[in-house]
Amino acid sequence: MFPRALALGYAAVPSSIGEVPDMSVRVRFAPSPTGHVHIGNMRAAIFNWLFARHGGGEFLLRIEDTDRERSTPEALRTIFDAMEWLGLDFDGEPFFQSAHLDAHRAAAGQLLRDGRAYRADKGGLGKGECVVFRMPPEDAVFTDGIRGELRKAAADMSDFVILRADDTPVFHLSNVVDDIAMGITHVIRGDDHIENTFRHVALFRALGAPPPRYAHLPMIVNAQGKPYSKRDGDAYVGDLRARGFHPEAVFNYLTLLGWSPGDDREKLARAEAVRLFTLDRVKSAPAQMDLRKMTHLNAQYVAGMPAADFAAAAREWAQSQAWWREPDETYFRGVCALMQSRTHLYSFIAEWGYFFADDFAYDEKTVRKLLRKEGAGAALRAASAALAETDFSEAAIEAALRAAEKERGIEEGRINQPVRAAATGLAHGAGLYETLALIGKDRVLRRLSRAAEELCGA
RNA sequence: GCCCCCAUCGUCUAGCGGAUAGGACGCCAGGUUCUCAUCCUGGUAACAGGGGUUCGAUUCCCCUUGGGGGUGCCA
């Protein structure tokens with residue numbers, strides 16, 4: 001259902017001379033297939049991936065699908081799509097938690113036999129007896145890879161349910177048993193799990209397994225400084241894609257949320273991030289997403305793409321537009337060359353209609369400001385007449401416009417914007433002469449006449 | 001309530017006892033220019049507060065405040 005490996009070629013990159021790849025590193029990304037892929041989860045996936053690839057270890061995927069009520073195939077698909085989009089290739093086959101319920105129950109049985117757990121009816125709605133883990137009497141302590149030593153007094157912790165009365169395992173049990181089964185060496189997860197970790201460490205010990213190393217990532221919060229909720233539309237990876245972000249830019253931006261290479265570099269190639277990533281450089285304070293900064297980074301990525309790559313990406317976006325007409329490839333490349341540096345997000349491509357068809361939309365404000373003006377119609381007619389006599393080269397277009405201005409007594413350069421508005425419907429865009437030359441003489445003259453007739457005032 | 005975590009410009013961050021507290025986004029001003037974008041130049045703006053420790057605190061410790069998390073037979 002998913003390519004076994006995305007073959008991106010970033011596996012096992014030793015970070016520096018003398019640093020031996022630690023083949024024993026095994027981390028996992030463990031999402032629940034119950035909806036969208038939350039941005040915070042995906043950032044955790046990225047950090048796990050970076051950590052694994054940096055050390056030459058393995059990055060595993062575990063699907064925590066034991067919540068039968070809420071788990072859906074679509075949500076599972078969404079997880080795979082998001083990971084593939086961001087280039088997070090995982091090692092081996094996905095581990096489906098629902099296939100290991102027996103192992104979870106067996107672990108509960110073992111704890112029961114060892115006296116580390118007991119049966120009890122914790123009240124509630126008379127559901128009967130469940131299995132409760134007995135917290136050891138010692139204080140809980142573990143060394144967090146990001147925050148250092150974390151501890152919690154035994155008195156502040158209480159026993160907790162690991163197996164429900166209906167014989168289904170609770171998150172804590174499944175999580176720990178699966179981590180043991182998968183040979184997980186490092187657990188890198190959100191800091192909302194810190195409290196759980198105190199309990200999980202005790203569970204590992206009770207099951208006779210050494211606890212993995214833990215590292216708790218700071219949360220990503222929304223523009224209000226609050227945790228993301230379903231209400232925050234831009235909190236999902238799929239939305240970022242739909243909004244025109246380039247995956248490498250999103251990857252790069254998310255990498256920088258809570259981590260930095262230690263110097264002023266921000267635009268980091270994936271391989272570079274892999275080489276530089278270490279947990280001790282991860283911050284412990286929460287971070288806010290800044291869509292504008294991410295957009296800026298996106299613009300840099302788009303502007304820096306090889307022309308052919310940009311054309312391919314632009315084509316996909318353009319094809320879904322209502323105005324799309326299959327153009328000559330050379331022409332399409334010409335459009336891309338003109339517009340690449342202006343395409344901060346792929347969604348900007350929605351404005352490219354005027355390059356491909358005559359029935360593009362005129363921006364109302366632009367029409368009002370540039371065309372419904374005294375003398376605008378006459379100016380356009382003069383421009384049209386002058387342009388008609390040229391070979392429509394960029395230089396000839398410029399000369400013709402200057403001549404038209406002279407004829408109508410218009411200040412030099414002032415005819416450009418009305419002409420642009422008439423020919424493209426917009427007040428912004430690439431250089432006017434290049435744009436007109438590319439669109440072509442016939443189309444431009446037709447648009448100027450039409451605009452003079454139908455849009456110009458006075 | 002109790003417990004845990006966190007705290008540098010509006011935002012993302014650098015800083016790991018001695019610096020004019022640096023960079024980036026945003027914003028403002030200017031240059032380039034037919035517009036927009038790019039690009040270049042300059043500017044704006046921060047160590048939450050109070051105690052310690054120290055010759056010296058953004059940095060180490062404590063308290064307060066603020067924010068977040070946990071306190072489920074959710075994950």
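In what follows, every chain begins at residue 1, and chains take the letters A, B, ... in the order their sequences are listed.
Donor-acceptor pairing under 3.5 Å is lacking for the side chains of A:Arg243 and A:Asn298. Side-chain atoms of A:Thr424 and A:Arg420 form no donor-acceptor pair, as typed in the model, at a separation below 3.5 Å. Under 3.5 Å, the side chains of A:Asn48 and A:His186 contain no donor-acceptor pair of N or O atoms.
Side-chain atoms of A:Lys293 lie closest to B:G23 of the nucleotides B:A14, B:G23, B:C73. For A:His172, whose side chain is taken as the heavy atoms from C-beta onward, the closest listed nucleotide among B:C12, B:A75, B:C3 is B:A75. In this structure, of B:G22, B:C6, B:G67, it is B:G22 that holds the atom nearest to the side chain of A:Asp264. Side chain of A:Leu150, nearest nucleotide from B:A75, B:C5, B:C73: B:C5. Side-chain atoms of A:Asp156 lie closest to B:C2 of the nucleotides B:C2, B:C25, B:U13. Out of B:C4, B:C25, B:C74, the shortest distance to the side chain of A:Arg70 is found at B:C74. Here the side chain of A:Ala285 is nearest to one of B:A75, B:C6, B:C73, namely B:C6.
Base contact: A:Ala165 has a heavy atom under 4.0 Å from a base atom. Counting any heavy atom pair closer than 4.0 Å across all strands shown, A:Glu64 reaches sugar-phosphate atoms only and no base atom. Using a 4.0 Å heavy-atom cutoff across all strands shown, A:Arg189 reaches no nucleic acid atom at all. Using a 4.0 Å heavy-atom distance criterion, A:Asp263 is classed as making no nucleic acid contact. Note on A:Arg147: only backbone sugar-phosphate atoms sit closer than 4.0 angstrom, heavy atoms only; bases stay farther off.
When both distances must be under 3.5 Å, the Watson-Crick or G-U wobble mate of B:U58 does not exist. Searching all strands for a Watson-Crick or G-U wobble partner of B:A7 with both distances below 3.5 Å returns B:U65. Base pairing of B:U20 is not made with any nucleotide, judged by Watson-Crick or G-U wobble geometry with both donor-acceptor distances under 3.5 Å. For B:C73, there is no paired base (Watson-Crick or G-U wobble, both distances below 3.5 Å). Of all nucleotides present, only B:C28 satisfies the Watson-Crick or G-U wobble test against B:G42, with each distance under 3.5 Å.
Taking atom P in both B:C60 and B:G15, one finds a spacing of 12 Å when rounded to whole Å. For the P atoms, the distance from B:U38 to B:A29 is 16 Å, rounded to whole Å. The gap from the C1' atom of B:G18 to that of B:U58 amounts to 12 Å, rounded to the nearest Å. As rounded to the nearest Å, B:C4 and B:C62 have P atoms that lie 12 Å from one another. Separation of the P atoms belonging to B:G26 and B:U11 is 16 Å when rounded to the nearest angstrom. Between B:U8 and B:C40, the distance separating the two C1' atoms is 29 Å to the nearest Å. A gap of 44 Å separates the P atoms of B:C74 and B:U59, to the nearest Å. Comparing the P positions of B:C16 and B:A21 gives an interatomic distance of 14 Å, to the nearest angstrom.
A:Arg281 has a side-chain polar atom (N or O) that falls below the 4.0 Å cut-off from OP1 or OP2 of B:A14. Between A:Arg164 and the phosphate of B:A75, there is a side-chain N or O to OP1/OP2 separation shorter than 4.0 Å. For B:C5, neither phosphate oxygen OP1 nor OP2 lies less than 4.0 angstrom from any side-chain nitrogen or oxygen of A:Ser284.
Summarising the geometry, the separation between NZ on A:Lys267 and C1' on B:A24 is reported as 14 Å, rounded to the nearest angstrom. Rounded to a whole Å, the CG atom of A:Asn175 is 15 Å from the P atom of B:C74. Distance, A:Leu257 CG to B:A14 C1': 16 Å, rounded to whole Å. Taking atom CZ of A:Arg199 as the reference point, atom C1' of B:C73 lies 12 Å away to the nearest angstrom. A:Glu266 places its CD atom 12 Å from the P atom of B:G23, with the value rounded to the nearest Å. To the nearest angstrom, P of B:U13 lies 12 Å from CE of A:Met289. In this structure, A:Asp191 places its CG atom 10 Å from P of B:G70, rounding to the nearest Å. The distance from atom CG of A:Leu268 to atom P of B:A24 is 15 Å, rounded to the nearest whole Å.
At distances below 3.5 Å, not a single donor-acceptor pair connects side-chain atoms of A:Arg151 with backbone N or O atoms of A:Val141. For the pair A:Tyr433 (side chain) and A:Ala395 (backbone), a donor-acceptor distance under 3.5 Å is absent. A:Gln340 contributes a side-chain N or O that, together with a main-chain N or O of A:Met305, makes up a donor-acceptor pair within less than 3.5 Å. The backbone N or O of A:Ala350 sits less than 3.5 Å from a side-chain atom of A:Trp323, completing a donor-acceptor pair.
Side-chain rings of A:Phe142 and A:His216 approach one another, their centers coming within less than 6.0 Å. Proximity of the aromatic rings of A:Phe51 and A:Phe277 is defined here by a centroid distance below 6.0 angstrom, and this criterion is not met. A:Phe251 has its ring centre no less than 6.0 Å from the ring centre of A:Tyr253.
A tilted orientation is assigned to the rings of A:Phe356 and A:Phe332, their planes being inclined by 30° to 60°. Classified by interplanar angle (parallel below 30°, tilted 30° to 60°, perpendicular above 60°), the ring pair A:Phe133/A:Phe160 is tilted.
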Can you check each nucleotide of nucleotides 32-48 of chain B against protein heavy atoms at under 4.0 Å and return B for base, S for sugar-phosphate only, - for none, in 5' to 3' order?
-> --BBBB-----------
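Closest approach of A:Ala44 to A:Leu217, counting heavy atoms only: CA-CD2, 3.7 Å.
Each of A:Arg151 and A:Asp166 lies near RNA chain B, and the nucleotide nearest A:Arg151 is the one positioned closer to the 5' end. Taking the nucleotide of RNA chain B with the nearest heavy atom to each of A:Ser260 and A:Ala153, the more 5' of the two is matched to A:Ala153.
Listed in residue order, the members of residues 130-139 of chain A having a heavy atom less than 4.0 Å from RNA chain B are A:Cys130.
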